[in-house]
Undergrad: 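Structure in structure tokens, see below.
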Amino acid sequence: MSNNTPVASYDALIIGAGFSGMYQLHSLRDRLGLKALVLEAGSGVGGTWYWNRYPGARCDSESHSYNYTFSKELLAEWRWSERYPEQPEILRYLNHVADRFDLKRDIRFDTRVTGARYDEAANLWHVTTETGERYAAQYLITAVGCLSTANVPKIPGLEEFAGDWYHTGQWPHGGVDFTGKRVGQIGTGSTGIQAVPVIAAQAGHLTVFQRTANYSVPAHNAPLTPEFQAWLDSNREEVVQTMRSTPNGHPFTISERKVFDVDAEERERIYEAAWAKGGLQFRASFQDLLVDKTANDTAADFIKRKIRSIVKDPRKAAILSDIDHPYAAKRPPIDTHYFEAYNRDNVDIVNLRAEPIERITPNGIRTSARDYPLDIIVFATGFDAMTGPLLRLNIQGAGGRKLAEAWEAGPRNYLGLQVAGFPNLFTITGPGSPSVLCNMPIAIEQHVEWITDCIDAMRKRGLRRIETTEAAMDGWVAEVNRAADATLLPQAKHSWYLGANVPGKPRVFMPYAGGMAHYRRICDQVAAKGYEGFVLSD
Ligand code: NA7
């Protein structure tokens, strides 16, 4: 990159044009009147939903809750077609929003940020891109998502594989033809569980390589009925209110009853009803499922029995139901005929705990037990979650300090929003905020609105610099740990919440488990107290 490249100057630069970046642009540009620009690596809006085009890609939040709530008109005019929106429909929605609010004129597509450096003297962030463009702005806001850095495990021999391989989060736009092919899929997280039945229906043969067995509850996806839509139209405000006031941002409340408030028979009936209803709501059947292991065991046992009753082959059923963590301690998937897919003759499962992968050969995957010949390998192996997308931006704060150094032992910040030594940098849904433990649009809107209000307040007071303190971060890290330790979540040792899926990544429980509503109150109080925990200056 030449230093002669002209620098384009803005009030605010936003990295990423998904749900977060689009709303942040709209808020800063159209509400505050700032000169703002979004830099986006993809060729279109959508973020997660731009990249994740794998077979079966669908949202696990119910469609009527998976949208922005900031505009009543937008809420009223958009109609989802199904209970759980499919990737192409979500992408259509986000394009609709971008067009409706005329956002694309201030988004630079095909522009991957490769560096961001804070210039103390000028109080400016300097941002550079892969193609050598240079930008500067007073505020830098990352809207890079929590699950956008693909994790392709370093399995020896991959480069020698003679067939094709794909990561689900970097799926070819034209799709992949599995017809008649021998497909191997590594990974049985939410993504893998969505992909299996769809790939199985097309492939000649599908072998699923499972490291950690997983729970899943049926989604019971279906078209939305006119009756439901009519109900939604007349109850929209209540639905939004529910989402904003519940711990996980979903449009349903968590039951107040505890597991042992009812007898075993009644409990079974409740689980059966929740299974029949389907979806993430299963987790809300009792209030203590995520805090009391003995209570959790009852849900875990129920789902394991369901798996064994669905999967006819006892060998496959044993591998699939041998689950080592409490239910919902890892992100709980929901599915459309996932376990049923194993009743097909062309689908098999390999237990990697018994026969680990040794290498990839030109012909397929070799485990410690045997060779599996394959034409296509699908990596449904997840992401370097939460910190990965931030660290790969190569952010350098005051004094040239790298974010990677500041977070060497794991992420440390205040409210998930700011890091000491990195003034005027805000991280939407950063580690230490509820983010992935919440219905994402709700978490995103709260962050965007808080950041926008903060910048607005600063401008009204003639202030130009905001930076959190080490003391505020210490307090917040302690609160993030306290909140996690009050739950069973840290008990899932192989969880991306803990960074355990990426070798060498520090083991820190990353999202804030104290609940979205509680978190919102904390953020509101911080603002009401003149941004307590931050130092503001001109
Ligand atoms: P996840 O939930 O991280 O799942 C990844 C899966 O891939 C999981 O089963 C992993 O097993 C498996 N994995 C990862 N690395 C390996 C290696 N090296 N060998 C074998 N198996 C491996 O990612 P998803 O994309 O499914 O879901 C991410 C989120 O997107 C999801 O939670 C929703 O919030 C939406 P492991 O469990 O680590 O043993």
Side-chain angles (χ1 to χ4, degrees), residues 18 47-49 51-61 66 84 87 90 145-158 166-171 184-196 207-216 219 248-250 280 283 319-320 322-325 328-335 338 349-360 365-368 372 377-386 388-389 429 434-441 443 489 492-505 507 510-511:
T48 293
W49 301 105
W51 299 105
N52 281 268
R53 297 168 188 245
Y54 60 87
R58 198 179 278 288
C59 185
D60 288 349
S61 291
Y66 201 70
Y84 301 95
Q87 178 269 338
I90 304 173
C146 299
L147 300 162
S148 53
T149 304
N151 169 42
V152 179
K154 291 184 179 55
I155 302 174
L158 178 57
Y166 308 92
H167 185 279
T168 50
Q170 297 170 334
W171 204 256
Q185 178 183 304
I186 305 177
T188 51
S190 304
T191 298
I193 281 175
Q194 287 184 339
V196 161
T207 309
V208 181
F209 295 85
Q210 172 192 281
R211 186 164 69 181
T212 306
N214 217 340
Y215 301 97
S216 185
N248 50 26
H250 286 288
L280 291 173
R283 188 177 45 178
I319 294 173
L320 287 159
D322 185 16
I323 309 175
D324 65 358
H325 52 275
K330 293 176 79 157
R331 165 67 158 72
I334 61 174
D335 70 272
Y338 171 64
I349 181 136
V350 173
N351 178 7
L352 295 181
R353 290 276 162 84
E355 45 171 309
I357 295 177
E358 287 189 339
R359 63 177 299 111
I360 292 175
I365 290 178
R366 176 173 301 159
T367 68
S368 60
Y372 294 87
I377 300 175
V378 173
F379 288 93
T381 42
F383 302 89
D384 180 356
M386 310 200 72
T429 63
S435 64
V436 293
L437 298 180
C438 180
N439 180 26
M440 283 305 290
L489 294 167
K493 299 293 172 221
H494 298 276
S495 153
W496 58 258
Y497 293 155
L498 272 168
N501 60 327
V502 177
K505 188 166 173 168
R507 297 272 177 123
M510 292 183 285

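In each ligand, atom 1 is the first atom listed, and ligand 1 is the first ligand listed. Excluded from the calculations below are hydrogen atoms, water molecules and symmetry mates; all remaining heavy atoms, backbone and side chain alike, are included.
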Undergrad: May I ask you to decide if the ring planes of W171 and Y166 are parallel, tilted or perpendicular, using 30° and 60° as cut-offs?
TA: tilted
Undergrad: Nearest 0.5 Å, please: how far is CG in L280 from OH in Y84?
TA: 6.5 Å
Undergrad: Students should be able to answer this: which protein heavy-atom is nearest to atom 5 (C) of ligand 1, and at what distance?
TA: A380 O, 3.3 Å
Undergrad: Between N439 (side chain only) and H250 (backbone N and O only), is there a donor and an acceptor less than 3.5 Å apart?
TA: no
Undergrad: Would you kindly specify which portion of F383 sits under 4.0 Å from ligand 1, judged on non-hydrogen atoms: side chain, backbone, both or neither?
TA: side chain
Undergrad: In ligand 1, which numbered atoms sit nearer than 4.0 Å to a non-hydrogen atom of L352?
TA: 20 (C)
Undergrad: Passes side-chain contact (heavy atoms from CB on, under 4.5 Å), Y338 versus N214? Steps please.
TA: CA-CA 11 Å; Y338 171 64; N214 217 340; over 6 Å; no
Undergrad: Give the numbers and elements of all ligand 1 atoms closer than 4.0 Å to a heavy atom of G382.
TA: 3 (O), 5 (C), 23 (O), 25 (O)
Undergrad: Starting from the C-alpha separation in whole Å, work towards a yes-or-no answer on side-chain contact (heavy atoms from CB on, under 4.5 Å) for I155 and I186.
TA: CA-CA 11 Å; I155 302 174; I186 305 177; 4.0 Å; yes
Undergrad: Which residue and atom name correspond to the protein heavy atom nearest atom 12 (C) of ligand 1, and how close is it?
TA: G187 CA, 3.7 Å
Undergrad: Starting from atom 9 (O) of ligand 1, find the nearest protein heavy-atom neighbour and note its residue, name and distance.
TA: T188 N, 2.9 Å
Undergrad: How far is atom 28 (C) of ligand 1 from the closest protein heavy atom, and which atom is that?
TA: W496 NE1, 3.8 Å
Undergrad: To the nearest 0.1 Å, how far is atom 31 (C) of ligand 1 from its closest protein heavy atom, and which atom is that?
TA: S190 OG, 3.5 Å
Undergrad: Only heavy atoms of T212, strictly under 4.0 Å: list the atoms of ligand 1 that pass.
TA: 36 (P), 37 (O), 39 (O)
Undergrad: So which heavy atom in the protein is nearest atom 25 (O) of ligand 1, and how far is it from that ligand atom?
TA: T191 OG1, 2.6 Å
Undergrad: Can you list the steps and then say if Q194 with Q87 is a side-chain contact (heavy atoms from CB on, under 4.5 Å)?
TA: CA-CA 12 Å; Q194 287 184 339; Q87 178 269 338; over 6 Å; no
Undergrad: Report the distance from atom CE of M386 to atom OG1 of T149, rounding to the nearest 0.5 Å.
TA: 12.0 Å
Undergrad: State whether a side-chain donor-acceptor pair under 3.5 Å links Q185 with Y54.
TA: no
Undergrad: Given that the side chain starts at C-beta and the backbone is N, CA, C, O, which of these parts of D60 lies under 4.0 Å from ligand 1, counting heavy atoms, or is it both or neither?
TA: neither
Undergrad: Counting N and O atoms only, with roles assigned by atom type, does the side chain of Q170 sit under 3.5 Å from a partner on the main chain of A150, one being a donor and the other an acceptor?
TA: no
Undergrad: Using distance alone, determine whether R353 and ligand 1 share an N or O pair under 3.5 Å.
TA: no
Undergrad: Starting from atom 20 (C) of ligand 1, find the nearest protein heavy-atom neighbour and note its residue, name and distance.
TA: I186 CG2, 3.4 Å
Undergrad: Thinking salt bridges, do D324 and R353 make one under a 4.0 Å N-O criterion?
TA: yes
Undergrad: Enumerate the atoms of ligand 1 whose separation from the nearest heavy atom of R331 is less than 4.0 angstrom.
TA: 31 (C), 32 (O), 33 (C), 34 (O)
Undergrad: Considering only protein heavy atoms, which is closest to atom 18 (N) of ligand 1, and at what distance to one decimal place?
TA: P153 CB, 3.2 Å
Undergrad: Does at least one non-hydrogen atom of L147 fall below 4.0 angstrom from an atom of ligand 1?
TA: yes
Undergrad: Evaluate the criterion side-chain contact (heavy atoms from CB on, under 4.5 Å) for residue pair E355 and F209; output intermediate values, then yes/no.
TA: CA-CA 10 Å; E355 45 171 309; F209 295 85; over 6 Å; no
Undergrad: Check each of R211, H325, H494, K330 against atom 37 (O) of ligand 1 and report the one with the nearest heavy atom.
TA: K330
